[in-house]
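This report concerns only the one structure given below.
For clarity, every value in this text was computed on a predicted model and none was experimentally measured. The analysis underlying the following values was restricted to heavy atoms, covering all of them including side chains, and did not include hydrogens, waters or symmetry mates.
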Amino acid sequence: MKRQNNPGAIIAMVAAIREQANTLILSSLSERGITDILPAHGAVLNALFKQSPMQMNELAEHIGRKKNTVTGLITTLEDRGYCRRESDPQDARAQLVFLTEKGEAMRQVQDEVSVELLRKIWMGIDTQKQIECIECLETILQNLKDN
């Protein structure tokens, strides 16, 4: 891969990193016999590992995605048996999303895949540079959100 020292290439670089990370995630899942989950589902599952049930709008806010995007992700996960939806007894307009047993079983898999991904991402990069990288990316994300 050609080295890019051009600050103008940031979006292309982030896109390439995301594509490579998604390829690694899909490969790791496939090695474990899991072929019905996409990387985009990981954020939903991770949020539900922390709190299940969760209202759809809370879930969307938690993972930083639009509600209609999350609805599509939940529909797919529900169709594949990883979660289920129920009306919120406290708010008839809202739906709660629950992990199923199959969804809960993904917790360990996600932990293992995350460890593998992070090991590859940070290989050969010292802790201080990792911190600086994260700080720069957080600033870039906030700059884009502010506009």
Side-chain angles (χ1 to χ4, degrees), residues 1-2 4 9-125 127 129-147:
M1 179 176 169
K2 183 180 173 194
Q4 294 281 339
I10 182 71
I11 300 302
M13 183 67 66
V14 169
I17 291 168
R18 181 179 179 167
E19 186 172 338
Q20 290 299 311
N22 285 347
T23 297
L24 187 139
I25 291 166
L26 289 171
S27 174
S28 294
L29 290 171
S30 180
E31 289 170 6
R32 291 166 171 81
I34 301 164
T35 57
D36 60 348
I37 292 283
L38 297 173
H41 296 128
V44 172
L45 291 172
N46 191 52
L48 291 172
F49 294 150
K50 293 176 182 166
Q51 179 186 330
S52 177
M54 188 181 293
Q55 279 191 0
M56 291 281 284
N57 60 342
E58 291 175 320
L59 188 53
E61 186 177 319
H62 187 81
I63 67 171
R65 305 293 291 269
K66 293 182 176 167
K67 190 175 180 224
N68 61 338
T69 301
V70 173
T71 299
L73 293 169
I74 293 298
T75 297
T76 301
L77 287 169
E78 189 174 34
D79 290 347
R80 295 174 183 174
Y82 291 95
C83 68
R84 63 183 169 80
R85 285 183 267 198
E86 292 181 11
S87 294
D88 187 338
Q90 312 257 321
D91 181 354
R93 300 166 297 158
Q95 287 188 316
L96 292 172
V97 181
F98 295 79
L99 281 173
T100 63
E101 191 175 314
K102 183 177 180 180
E104 184 60 44
M106 287 298 296
R107 184 185 301 261
Q108 183 174 344
V109 172
Q110 189 177 51
D111 288 346
E112 291 169 2
V113 171
S114 293
V115 166
E116 180 182 350
L117 180 62
L118 289 171
R119 182 185 56 76
K120 282 202 172 218
I121 287 172
W122 297 119
M123 190 172 19
I125 302 173
T127 303
K129 284 187 178 180
Q130 291 176 25
I131 292 167
E132 291 169 4
C133 180
I134 295 299
E135 288 173 348
C136 285
L137 291 171
E138 286 173 343
T139 300
I140 290 168
L141 180 58
Q142 193 58 52
N143 289 345
L144 291 171
K145 284 181 176 180
D146 287 347
N147 291 323

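- Note that the CD1 atom of Ile37 and the CG atom of Leu45 stand 5.5 Å from one another [nearest 0.5 Å].
- Here the side chains of Asp36 and Tyr82 are in contact, with some heavy-atom distance below 4.5 Å.
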Would you please test His41 and Met106 for side chain to side chain contact (heavy atoms under 4.5 Å, CB included) and show each step? CA-CA 11 Å; His41 296 128; Met106 287 298 296; over 6 Å; no

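- Distance NZ/Lys50 to CG/Leu48: 11.0 Å, rounded to 0.5 Å.
- Ser30 places no side-chain N or O within 3.5 Å of a backbone atom of Leu26 that could act as its donor or acceptor partner.
- Judged by distance alone, the side chains of Gln142 and Glu138 never bring a donor and an acceptor atom under 3.5 Å apart.
- Between Thr35 and Leu29 the shortest side-chain heavy-atom distance does not fall below 4.5 Å.
- Every side-chain contact (heavy atoms from CB on, under 4.5 Å) that Arg107 has, sequence neighbours left out, goes to Phe49, Glu104, Asp111.
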Using the rule given for side chain to side chain contact (heavy atoms under 4.5 Å, CB included), can you reason through Glu78 versus Thr100, listing the C-alpha separation, both sets of side-chain angles and the distance that settles it, and then say yes or no? CA-CA 9 Å; Glu78 189 174 34; Thr100 63; over 6 Å; no

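- A 6.0 Å sphere centred on CD of Gln108 holds no more than 12 heavy atoms belonging to other residues, nucleotides or ligands.
- The side-chain contact (heavy atoms from CB on, under 4.5 Å) search around Gln20 returns none, not counting sequence neighbours.
- Of the possible polar contacts, one joining the Thr139 side chain to the Glu135 backbone as a donor-acceptor pair under 3.5 Å is found.
- At least one side-chain heavy atom of Cys83 sits under 4.5 Å from a side-chain heavy atom of Ile74.
- Residues Val97 and Pro53 have side chains not in contact (no heavy-atom distance under 4.5 Å, counting atoms from C-beta outward).
- To the nearest 0.5 angstrom, Thr127 atom OG1 is 5.0 Å from Gln130 atom CD.
- Atom CD1 of residue Ile17 and atom CD of residue Glu19 lie 11.5 Å apart, to the nearest 0.5 angstrom.
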Derivation of the side chain to side chain contact (heavy atoms under 4.5 Å, CB included) call for Asp88 and Gln95: CA-CA 5 Å; Asp88 187 338; Gln95 287 188 316; over 6 Å; no

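- Here the straight-line distance linking atom CD of Glu116 with atom OG of Ser27 works out to 7.5 Å at 0.5 Å rounding.
- The closest side-chain heavy-atom distance from Met123 to Leu118 is not below 4.5 Å.
- Within a 6.0 Å sphere centred on CZ of Arg18, heavy atoms belonging to other residues, nucleotides or ligands number 12 at most.
- Within the 4.5 Å cutoff, the side chain of Leu96 has heavy atoms near those of the Pro89 side chain.
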Using residues 57-70 as the side-chain source, report each donor-acceptor pair under 3.5 Å to any protein atom, sequence neighbours left out, with the distance given to one decimal.
unit_1, atom_1, unit_2, atom_2, d
Glu58, OE1, Gln55, N, 3.1

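- No side-chain heavy atom of Lys129 sits under 4.5 Å from any side-chain heavy atom of Cys133.
- With hydrogens and angles left out, the side-chain atoms of Arg93 and Ser87 include no donor and acceptor closer than 3.5 Å.
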